[in-house]
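All values below come from the heavy atoms of this structure, side chains included, with hydrogens, waters and symmetry mates left out.
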Amino acid sequence: MKKIICLALVLLLIAACPFSAVCRAASPLKTAAEETASALAGSPGAFETGSGDWLVLCLVRSGIGLTASQKKAYLQSVDAALEAGNGVLSRLGTDTARTVIGLTAAGCDASSYKGYDLTLSFADYDATVRQGLNGAVWALIALDCGEYDVPACADASRQASRERYIACILDRELPGGGFAFSGKAADPDMTAMCITALSRYSYRADVRSALSRAVRCLSSLQREDGGFASYGIPNAESAAQVLIAMTSMGISPDDARFVKNGHTVPDALLSYRLDDGSFAHQADGGSSGLASVQALEALAALLCAEEGGTLYGIVPPAFPDTASHASREAVTVLSAAGILGGFSDGTFRPDETMTRAQFSAILVRALHLKASGAAPFSDVSDGAWYAETVAAAYENGLITGRTESRFDPEGTVSTVEAEIILARAGKLVNLSVSAPKWTADSPAITRGEIALRVYALLRSAGKV
(Lines give C-alpha, C1' and ligand atoms only; values in the text may rest on other atoms or scores of the structure.)
Protein backbone atom coordinates (compact mmCIF):
# COMPACT_ATOMS: atom_id res chain seq x y z
CA MET A 1 0.00 0.00 0.00
CA LYS A 2 1.31 3.48 -0.87
CA LYS A 3 2.30 5.78 1.96
CA ILE A 4 -0.87 7.82 1.76
CA ILE A 5 -0.39 9.93 4.89
CA CYS A 6 3.18 11.00 4.07
CA LEU A 7 2.25 11.56 0.45
CA ALA A 8 -0.71 13.73 1.40
CA LEU A 9 1.44 15.89 3.63
CA VAL A 10 4.06 16.34 0.93
CA LEU A 11 1.52 17.30 -1.70
CA LEU A 12 -0.26 19.66 0.64
CA LEU A 13 2.95 21.51 1.41
CA ILE A 14 4.02 21.63 -2.22
CA ALA A 15 0.67 22.97 -3.34
CA ALA A 16 0.43 25.55 -0.55
CA CYS A 17 3.93 27.06 -0.64
CA PRO A 18 5.65 29.24 -3.25
CA PHE A 19 8.54 27.54 -5.01
CA SER A 20 11.29 29.22 -2.99
CA ALA A 21 9.68 28.12 0.26
CA VAL A 22 8.70 24.58 -0.69
CA CYS A 23 11.78 22.82 0.58
CA ARG A 24 12.25 25.09 3.59
CA ALA A 25 8.82 24.22 4.98
CA ALA A 26 8.39 20.71 3.64
CA SER A 27 10.23 18.38 5.98
CA PRO A 28 8.06 15.51 4.67
CA LEU A 29 9.64 16.11 1.26
CA LYS A 30 13.09 15.64 2.79
CA THR A 31 11.79 12.56 4.56
CA ALA A 32 10.50 11.17 1.27
CA ALA A 33 13.92 11.72 -0.31
CA GLU A 34 15.70 10.09 2.63
CA GLU A 35 13.47 7.01 2.45
CA THR A 36 14.01 6.66 -1.30
CA ALA A 37 17.77 7.12 -0.85
CA SER A 38 17.76 4.50 1.91
CA ALA A 39 15.93 2.03 -0.32
CA LEU A 40 18.46 2.55 -3.10
CA ALA A 41 21.55 2.58 -0.87
CA GLY A 42 20.57 -0.75 0.63
CA SER A 43 20.48 -2.57 -2.70
CA PRO A 44 23.45 -4.72 -3.84
CA GLY A 45 26.08 -2.74 -5.74
CA ALA A 46 24.34 0.53 -4.96
CA PHE A 47 27.55 2.55 -5.22
CA GLU A 48 29.03 0.91 -8.28
CA THR A 49 29.63 3.28 -11.16
CA GLY A 50 26.46 3.28 -13.24
CA SER A 51 23.39 3.80 -11.13
CA GLY A 52 25.77 4.66 -8.29
CA ASP A 53 26.78 7.85 -10.10
CA TRP A 54 23.21 9.11 -9.82
CA LEU A 55 22.86 8.00 -6.21
CA VAL A 56 26.00 9.91 -5.23
CA LEU A 57 24.67 13.00 -7.01
CA CYS A 58 21.34 12.76 -5.20
CA LEU A 59 22.80 12.18 -1.75
CA VAL A 60 25.06 15.20 -2.09
CA ARG A 61 22.67 17.60 -3.80
CA SER A 62 19.68 16.75 -1.60
CA GLY A 63 21.65 17.52 1.55
CA ILE A 64 21.20 13.98 2.85
CA GLY A 65 24.95 13.53 2.62
CA LEU A 66 27.43 10.97 1.34
CA THR A 67 29.09 8.95 4.11
CA ALA A 68 32.82 8.21 4.05
CA SER A 69 32.18 4.52 3.45
CA GLN A 70 29.74 5.25 0.63
CA LYS A 71 32.22 7.58 -1.04
CA LYS A 72 35.00 5.02 -0.66
CA ALA A 73 32.88 2.28 -2.23
CA TYR A 74 31.93 4.55 -5.11
CA LEU A 75 35.48 5.72 -5.86
CA GLN A 76 36.79 2.16 -5.67
CA SER A 77 34.23 1.20 -8.29
CA VAL A 78 35.26 4.08 -10.56
CA ASP A 79 38.93 3.18 -10.10
CA ALA A 80 38.26 -0.46 -11.02
CA ALA A 81 36.34 0.59 -14.13
CA LEU A 82 39.16 2.89 -15.22
CA GLU A 83 41.77 0.18 -14.68
CA ALA A 84 39.73 -2.36 -16.62
CA GLY A 85 39.29 0.05 -19.51
CA ASN A 86 42.85 1.40 -19.50
CA GLY A 87 41.57 4.83 -18.59
CA VAL A 88 38.44 4.67 -20.74
CA LEU A 89 35.17 4.22 -18.89
CA SER A 90 32.99 3.58 -21.91
CA ARG A 91 32.76 4.15 -25.62
CA LEU A 92 29.49 5.96 -24.96
CA GLY A 93 29.80 9.60 -24.02
CA THR A 94 26.59 9.48 -22.02
CA ASP A 95 28.07 6.80 -19.72
CA THR A 96 31.16 8.93 -19.17
CA ALA A 97 28.99 12.01 -18.59
CA ARG A 98 27.15 10.17 -15.84
CA THR A 99 30.42 9.34 -14.06
CA VAL A 100 31.81 12.84 -14.53
CA ILE A 101 28.68 14.12 -12.77
CA GLY A 102 29.03 11.54 -10.00
CA LEU A 103 32.72 12.27 -9.42
CA THR A 104 32.10 16.00 -9.38
CA ALA A 105 29.34 15.55 -6.82
CA ALA A 106 31.74 13.45 -4.74
CA GLY A 107 34.13 16.40 -4.64
CA CYS A 108 36.58 15.14 -7.26
CA ASP A 109 37.97 16.92 -10.30
CA ALA A 110 36.90 14.72 -13.21
CA SER A 111 39.33 16.52 -15.52
CA SER A 112 42.26 15.31 -13.41
CA TYR A 113 41.23 12.14 -11.62
CA LYS A 114 43.96 9.59 -10.82
CA GLY A 115 45.91 10.84 -13.81
CA TYR A 116 42.95 10.71 -16.20
CA ASP A 117 40.97 13.53 -17.80
CA LEU A 118 37.50 12.05 -18.12
CA THR A 119 36.21 15.18 -19.84
CA LEU A 120 38.32 14.25 -22.89
CA SER A 121 35.32 12.20 -23.92
CA PHE A 122 33.58 15.46 -24.81
CA ALA A 123 36.44 16.96 -26.85
CA ASP A 124 35.49 15.10 -30.05
CA TYR A 125 32.24 16.61 -31.27
CA ASP A 126 31.67 14.05 -34.02
CA ALA A 127 32.07 11.11 -31.65
CA THR A 128 29.79 12.70 -29.06
CA VAL A 129 26.90 13.40 -31.41
CA ARG A 130 26.97 9.88 -32.82
CA GLN A 131 24.62 9.27 -29.91
CA GLY A 132 22.36 11.90 -31.37
CA LEU A 133 20.70 14.55 -29.30
CA ASN A 134 21.28 12.58 -26.11
CA GLY A 135 25.05 12.81 -26.60
CA ALA A 136 25.09 16.60 -26.94
CA VAL A 137 22.69 17.09 -24.02
CA TRP A 138 24.70 15.06 -21.53
CA ALA A 139 28.07 16.37 -22.71
CA LEU A 140 26.83 19.89 -21.99
CA ILE A 141 25.35 18.97 -18.60
CA ALA A 142 28.54 17.13 -17.57
CA LEU A 143 30.81 19.99 -18.61
CA ASP A 144 28.67 22.56 -16.85
CA CYS A 145 28.22 20.59 -13.62
CA GLY A 146 31.85 21.27 -12.72
CA GLU A 147 32.53 24.34 -14.85
CA TYR A 148 34.95 22.20 -16.88
CA ASP A 149 36.75 23.56 -19.91
CA VAL A 150 36.24 21.67 -23.18
CA PRO A 151 39.54 19.83 -23.75
CA ALA A 152 41.45 20.06 -27.01
CA CYS A 153 40.68 17.37 -29.59
CA ALA A 154 43.55 15.70 -31.42
CA ASP A 155 41.71 16.35 -34.68
CA ALA A 156 40.99 20.09 -34.84
CA SER A 157 38.26 19.55 -37.43
CA ARG A 158 36.30 17.58 -34.83
CA GLN A 159 36.87 20.01 -31.96
CA ALA A 160 33.88 20.33 -29.68
CA SER A 161 32.76 23.47 -27.88
CA ARG A 162 29.82 24.48 -25.79
CA GLU A 163 28.61 26.53 -28.74
CA ARG A 164 28.60 23.47 -31.01
CA TYR A 165 26.70 21.37 -28.48
CA ILE A 166 24.14 24.13 -28.00
CA ALA A 167 23.76 24.46 -31.77
CA CYS A 168 23.33 20.69 -32.07
CA ILE A 169 20.44 20.78 -29.61
CA LEU A 170 18.79 23.83 -31.18
CA ASP A 171 19.09 22.36 -34.67
CA ARG A 172 17.08 19.34 -33.56
CA GLU A 173 14.13 21.27 -32.19
CA LEU A 174 10.85 20.01 -33.62
CA PRO A 175 8.48 22.31 -35.51
CA GLY A 176 6.38 24.09 -32.91
CA GLY A 177 8.81 23.30 -30.10
CA GLY A 178 10.03 20.34 -28.09
CA PHE A 179 12.48 17.53 -28.77
CA ALA A 180 12.44 13.80 -29.40
CA PHE A 181 14.84 10.87 -29.24
CA SER A 182 13.69 10.08 -32.77
CA GLY A 183 10.72 10.78 -34.99
CA LYS A 184 8.62 13.91 -35.24
CA ALA A 185 6.52 13.71 -32.08
CA ALA A 186 7.83 15.56 -29.02
CA ASP A 187 8.83 13.32 -26.12
CA PRO A 188 8.52 14.68 -22.56
CA ASP A 189 11.74 13.06 -21.34
CA MET A 190 13.94 14.39 -24.13
CA THR A 191 12.24 17.77 -24.13
CA ALA A 192 12.83 18.04 -20.38
CA MET A 193 16.47 17.00 -20.66
CA CYS A 194 17.08 19.56 -23.41
CA ILE A 195 15.55 22.24 -21.21
CA THR A 196 17.85 21.21 -18.37
CA ALA A 197 20.93 21.34 -20.61
CA LEU A 198 20.03 24.68 -22.18
CA SER A 199 18.72 26.44 -19.07
CA ARG A 200 22.10 27.95 -18.19
CA TYR A 201 22.24 29.65 -21.57
CA SER A 202 18.93 31.47 -21.42
CA TYR A 203 20.78 34.78 -21.84
CA ARG A 204 21.01 33.89 -25.55
CA ALA A 205 17.98 35.00 -27.52
CA ASP A 206 17.92 31.82 -29.65
CA VAL A 207 18.14 29.58 -26.59
CA ARG A 208 15.56 31.63 -24.71
CA SER A 209 13.08 31.27 -27.57
CA ALA A 210 13.65 27.51 -27.83
CA LEU A 211 13.22 27.15 -24.06
CA SER A 212 9.96 29.05 -24.16
CA ARG A 213 8.60 26.78 -26.88
CA ALA A 214 9.84 23.67 -25.05
CA VAL A 215 8.11 24.69 -21.82
CA ARG A 216 4.87 25.27 -23.74
CA CYS A 217 5.33 21.88 -25.35
CA LEU A 218 5.71 20.15 -21.98
CA SER A 219 2.64 21.91 -20.66
CA SER A 220 0.64 20.66 -23.63
CA LEU A 221 1.92 17.09 -23.08
CA GLN A 222 0.91 16.99 -19.41
CA ARG A 223 -1.87 14.56 -18.59
CA GLU A 224 -4.97 15.33 -16.55
CA ASP A 225 -3.45 13.52 -13.54
CA GLY A 226 -0.46 15.90 -13.64
CA GLY A 227 1.89 13.30 -15.10
CA PHE A 228 3.43 12.47 -18.45
CA ALA A 229 3.56 9.54 -20.82
CA SER A 230 6.49 8.48 -22.96
CA TYR A 231 5.69 6.36 -26.01
CA GLY A 232 2.10 6.29 -24.78
CA ILE A 233 2.93 4.86 -21.35
CA PRO A 234 2.38 7.03 -18.24
CA ASN A 235 5.42 6.59 -16.00
CA ALA A 236 7.38 7.98 -13.07
CA GLU A 237 10.57 8.74 -14.98
CA SER A 238 8.89 11.20 -17.33
CA ALA A 239 7.41 13.13 -14.42
CA ALA A 240 10.83 13.14 -12.73
CA GLN A 241 12.62 14.55 -15.78
CA VAL A 242 10.01 17.28 -16.15
CA LEU A 243 10.43 18.26 -12.50
CA ILE A 244 14.20 18.49 -12.94
CA ALA A 245 13.68 20.70 -15.99
CA MET A 246 11.20 22.89 -14.13
CA THR A 247 13.63 23.47 -11.27
CA SER A 248 16.42 24.28 -13.73
CA MET A 249 14.19 27.04 -15.11
CA GLY A 250 12.99 28.23 -11.70
CA ILE A 251 9.41 27.19 -12.49
CA SER A 252 7.28 26.55 -9.41
CA PRO A 253 5.71 23.09 -8.98
CA ASP A 254 2.31 24.77 -8.80
CA ASP A 255 2.86 27.02 -11.81
CA ALA A 256 -0.49 27.29 -13.59
CA ARG A 257 1.01 25.92 -16.80
CA PHE A 258 1.72 22.66 -15.01
CA VAL A 259 -1.45 22.14 -13.04
CA LYS A 260 -4.02 19.98 -14.80
CA ASN A 261 -7.39 19.22 -13.24
CA GLY A 262 -5.96 20.30 -9.90
CA HIS A 263 -2.96 17.94 -10.18
CA THR A 264 0.71 18.99 -10.25
CA VAL A 265 3.79 17.16 -11.54
CA PRO A 266 4.89 16.24 -7.96
CA ASP A 267 1.40 14.81 -7.41
CA ALA A 268 1.91 12.52 -10.36
CA LEU A 269 5.47 11.54 -9.44
CA LEU A 270 4.64 10.67 -5.85
CA SER A 271 1.69 8.52 -6.93
CA TYR A 272 4.29 5.94 -8.05
CA ARG A 273 5.89 5.80 -4.60
CA LEU A 274 5.80 2.46 -2.76
CA ASP A 275 5.80 1.52 0.91
CA ASP A 276 9.59 1.05 1.14
CA GLY A 277 10.29 4.49 -0.37
CA SER A 278 11.18 3.16 -3.81
CA PHE A 279 9.19 3.98 -6.96
CA ALA A 280 7.39 1.94 -9.58
CA HIS A 281 7.84 2.59 -13.27
CA GLN A 282 4.10 2.31 -13.96
CA ALA A 283 1.01 2.57 -11.79
CA ASP A 284 0.47 -0.57 -9.68
CA GLY A 285 3.87 -1.88 -10.75
CA GLY A 286 6.66 -3.25 -8.60
CA SER A 287 9.78 -1.44 -7.42
CA SER A 288 12.02 -0.20 -10.24
CA GLY A 289 15.62 0.84 -9.74
CA LEU A 290 15.55 3.22 -12.70
CA ALA A 291 12.28 4.82 -11.63
CA SER A 292 13.52 5.11 -8.04
CA VAL A 293 16.80 6.83 -8.89
CA GLN A 294 15.16 9.27 -11.30
CA ALA A 295 12.46 10.04 -8.76
CA LEU A 296 15.19 10.70 -6.19
CA GLU A 297 16.87 13.06 -8.65
CA ALA A 298 13.61 14.99 -8.92
CA LEU A 299 13.21 15.14 -5.15
CA ALA A 300 16.83 16.30 -4.84
CA ALA A 301 16.16 18.96 -7.48
CA LEU A 302 13.23 20.26 -5.43
CA LEU A 303 15.40 20.32 -2.31
CA CYS A 304 18.19 22.15 -4.19
CA ALA A 305 15.67 24.85 -5.04
CA GLU A 306 15.56 25.84 -1.37
CA GLU A 307 18.94 27.51 -1.81
CA GLY A 308 18.16 28.74 -5.29
CA GLY A 309 20.28 25.98 -6.78
CA THR A 310 19.76 23.33 -9.41
CA LEU A 311 20.42 19.60 -9.41
CA TYR A 312 23.41 19.75 -11.76
CA GLY A 313 24.80 23.08 -10.56
CA ILE A 314 27.39 21.27 -8.43
CA VAL A 315 30.29 23.68 -8.83
CA PRO A 316 29.19 27.32 -8.93
CA PRO A 317 30.71 29.68 -11.48
CA ALA A 318 33.79 31.65 -10.44
CA PHE A 319 31.52 34.60 -9.70
CA PRO A 320 27.89 34.02 -8.64
CA ASP A 321 26.67 37.16 -10.39
CA THR A 322 27.75 35.76 -13.77
CA ALA A 323 25.79 32.49 -13.40
CA SER A 324 23.07 33.57 -15.86
CA HIS A 325 25.05 36.25 -17.67
CA ALA A 326 26.20 36.13 -21.28
CA SER A 327 29.80 36.54 -20.14
CA ARG A 328 29.76 33.53 -17.76
CA GLU A 329 32.01 31.22 -19.78
CA ALA A 330 34.39 34.01 -20.78
CA VAL A 331 34.72 35.24 -17.20
CA THR A 332 35.16 31.71 -15.84
CA VAL A 333 37.92 30.81 -18.32
CA LEU A 334 39.76 34.14 -18.08
CA SER A 335 39.54 34.11 -14.29
CA ALA A 336 40.93 30.57 -14.10
CA ALA A 337 43.81 31.68 -16.33
CA GLY A 338 44.59 34.58 -14.00
CA ILE A 339 43.76 37.15 -16.68
CA LEU A 340 40.98 38.94 -14.85
CA GLY A 341 39.53 39.04 -11.40
CA GLY A 342 36.58 40.30 -9.44
CA PHE A 343 35.95 42.30 -6.31
CA SER A 344 36.65 41.57 -2.66
CA ASP A 345 33.00 40.63 -2.07
CA GLY A 346 33.30 37.74 -4.53
CA THR A 347 31.40 39.41 -7.37
CA PHE A 348 32.49 40.25 -10.89
CA ARG A 349 29.83 42.90 -11.62
CA PRO A 350 29.59 42.18 -15.36
CA ASP A 351 27.25 45.10 -16.08
CA GLU A 352 29.47 47.73 -14.52
CA THR A 353 32.05 49.73 -16.44
CA MET A 354 35.81 49.16 -16.49
CA THR A 355 38.64 51.61 -15.97
CA ARG A 356 41.53 52.15 -18.37
CA ALA A 357 43.94 50.79 -15.76
CA GLN A 358 41.90 47.60 -15.34
CA PHE A 359 41.59 47.07 -19.09
CA SER A 360 45.33 47.56 -19.56
CA ALA A 361 46.05 44.97 -16.88
CA ILE A 362 43.74 42.40 -18.47
CA LEU A 363 45.36 42.72 -21.90
CA VAL A 364 48.90 42.66 -20.53
CA ARG A 365 48.15 39.45 -18.60
CA ALA A 366 46.35 37.90 -21.57
CA LEU A 367 49.24 38.59 -23.96
CA HIS A 368 52.05 38.11 -21.43
CA LEU A 369 53.53 41.53 -22.16
CA LYS A 370 56.41 43.13 -20.31
CA ALA A 371 57.71 46.70 -19.98
CA SER A 372 61.35 47.76 -20.04
CA GLY A 373 60.67 50.97 -18.16
CA ALA A 374 58.10 53.20 -16.51
CA ALA A 375 55.18 54.78 -18.35
CA PRO A 376 55.62 58.50 -19.20
CA PHE A 377 52.46 59.64 -17.44
CA SER A 378 52.36 61.96 -14.46
CA ASP A 379 49.19 60.36 -13.11
CA VAL A 380 50.69 56.84 -13.02
CA SER A 381 52.84 56.74 -9.90
CA ASP A 382 55.53 54.12 -9.46
CA GLY A 383 53.72 52.65 -6.48
CA ALA A 384 50.34 52.23 -8.17
CA TRP A 385 49.11 48.64 -8.61
CA TYR A 386 48.71 49.28 -12.33
CA ALA A 387 52.08 51.01 -12.92
CA GLU A 388 53.77 48.01 -14.60
CA THR A 389 50.76 46.92 -16.66
CA VAL A 390 50.06 50.43 -17.95
CA ALA A 391 53.74 50.74 -18.87
CA ALA A 392 53.64 47.39 -20.70
CA ALA A 393 50.42 48.25 -22.54
CA TYR A 394 51.83 51.62 -23.59
CA GLU A 395 55.24 50.27 -24.62
CA ASN A 396 53.67 47.54 -26.76
CA GLY A 397 51.44 50.03 -28.56
CA LEU A 398 48.12 48.89 -27.12
CA ILE A 399 47.02 52.05 -25.42
CA THR A 400 48.01 55.72 -25.39
CA GLY A 401 47.41 58.49 -22.91
CA ARG A 402 44.63 61.02 -22.98
CA THR A 403 47.48 63.46 -23.56
CA GLU A 404 51.23 63.00 -23.75
CA SER A 405 51.56 63.30 -19.99
CA ARG A 406 48.17 62.10 -18.70
CA PHE A 407 46.91 58.51 -18.84
CA ASP A 408 43.67 58.83 -16.85
CA PRO A 409 43.90 55.39 -15.14
CA GLU A 410 40.49 55.71 -13.47
CA GLY A 411 38.78 56.87 -16.65
CA THR A 412 36.03 54.71 -18.11
CA VAL A 413 36.71 52.69 -21.26
CA SER A 414 34.28 53.37 -24.09
CA THR A 415 33.09 50.75 -26.59
CA VAL A 416 34.95 52.32 -29.50
CA GLU A 417 38.10 52.76 -27.44
CA ALA A 418 37.99 49.10 -26.41
CA GLU A 419 37.54 47.94 -30.01
CA ILE A 420 40.47 50.04 -31.21
CA ILE A 421 42.71 48.70 -28.45
CA LEU A 422 41.60 45.11 -29.12
CA ALA A 423 42.40 45.55 -32.82
CA ARG A 424 45.93 46.51 -31.80
CA ALA A 425 46.08 43.49 -29.51
CA GLY A 426 44.99 41.33 -32.44
CA LYS A 427 48.02 42.39 -34.44
CA LEU A 428 50.31 41.25 -31.62
CA VAL A 429 48.93 37.71 -31.99
CA ASN A 430 48.94 37.82 -35.82
CA LEU A 431 45.22 38.41 -36.23
CA SER A 432 43.73 40.90 -38.64
CA VAL A 433 41.08 42.75 -36.67
CA SER A 434 39.44 45.82 -38.14
CA ALA A 435 39.25 48.86 -35.91
CA PRO A 436 36.37 51.35 -35.92
CA LYS A 437 36.84 55.07 -36.36
CA TRP A 438 37.22 57.06 -33.17
CA THR A 439 34.16 58.83 -31.86
CA ALA A 440 34.02 60.81 -28.64
CA ASP A 441 30.39 60.02 -27.87
CA SER A 442 30.73 56.22 -27.77
CA PRO A 443 28.98 54.65 -24.73
CA ALA A 444 30.98 52.97 -21.97
CA ILE A 445 31.67 49.26 -22.41
CA THR A 446 30.83 46.89 -19.56
CA ARG A 447 33.13 44.48 -17.78
CA GLY A 448 31.16 41.55 -19.14
CA GLU A 449 31.43 42.81 -22.71
CA ILE A 450 35.17 43.25 -22.35
CA ALA A 451 35.49 39.69 -21.02
CA LEU A 452 33.58 38.40 -24.04
CA ARG A 453 35.74 40.33 -26.50
CA VAL A 454 39.04 39.37 -24.90
CA TYR A 455 37.93 35.73 -24.72
CA ALA A 456 36.95 35.76 -28.39
CA LEU A 457 40.30 37.29 -29.35
CA LEU A 458 42.29 34.73 -27.40
CA ARG A 459 40.25 31.85 -28.80
CA SER A 460 40.80 33.09 -32.34
CA ALA A 461 44.53 33.23 -31.61
CA GLY A 462 44.52 29.74 -30.09
CA LYS A 463 45.57 31.08 -26.70
CA VAL A 464 42.70 29.53 -24.68
Taking the side chain as everything from C-beta on, heavy atoms only, tell me whether [X] gets closer than 4.5 Å to [Y].
{"X": "Glu329", "Y": "Glu163", "value": "yes"}
{"X": "Asn134", "Y": "Met193", "value": "yes"}
{"X": "Asp53", "Y": "Ile101", "value": "no"}
{"X": "Thr332", "Y": "Tyr455", "value": "no"}
{"X": "Tyr113", "Y": "Leu82", "value": "yes"}
{"X": "Leu299", "Y": "Ser62", "value": "no"}
{"X": "Leu398", "Y": "Leu367", "value": "yes"}
{"X": "Leu170", "Y": "Arg204", "value": "yes"}

From CE (Met354) to CD (Glu352), nearest 0.5 Å: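 Reported value, rounded in 0.5 Å steps: 10.5 Å.
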
State whether the side chain of [X] and the backbone N or O of [Y] hold a donor-acceptor pair below 3.5 Å, judged by distance alone.
{"X": "Tyr394", "Y": "Phe407", "answer": "no"}
{"X": "Thr415", "Y": "Pro443", "answer": "yes"}
{"X": "Arg216", "Y": "Gly177", "answer": "no"}
{"X": "Glu395", "Y": "Ala371", "answer": "no"}
{"X": "Thr191", "Y": "Phe179", "answer": "yes"}

Atom CZ of Arg402 with >12 non-hydrogen neighbours under 6.0 angstrom: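 More than 12 heavy atoms, drawn from other residues, nucleotides or ligands, come within 6.0 Å of this atom.
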
Which atoms form the tightest heavy-atom contact between [X] and [Y], and what is the distance?
{"X": "Val433", "Y": "Leu457", "answer": "CG2-CD1, 4.3 Å"}
{"X": "Ala180", "Y": "Gly183", "answer": "CB-O, 4.1 Å"}
{"X": "Pro151", "Y": "Ala123", "answer": "O-CB, 3.4 Å"}
{"X": "Met249", "Y": "Ser199", "answer": "SD-CB, 3.9 Å"}
{"X": "Glu147", "Y": "Val315", "answer": "CG-O, 3.6 Å"}
{"X": "Thr322", "Y": "Arg328", "answer": "O-CB, 3.0 Å"}

Could you tell me whether the side chains of [X] and [Y] share a donor-acceptor contact shorter than 3.5 Å?
{"X": "Tyr148", "Y": "Asp117", "answer": "no"}
{"X": "Tyr312", "Y": "Glu297", "answer": "yes"}
{"X": "Ser111", "Y": "Thr119", "answer": "no"}

Presence of salt bridge, Glu417 and Arg453, under 4.0 angstrom: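 Salt bridge: no.
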
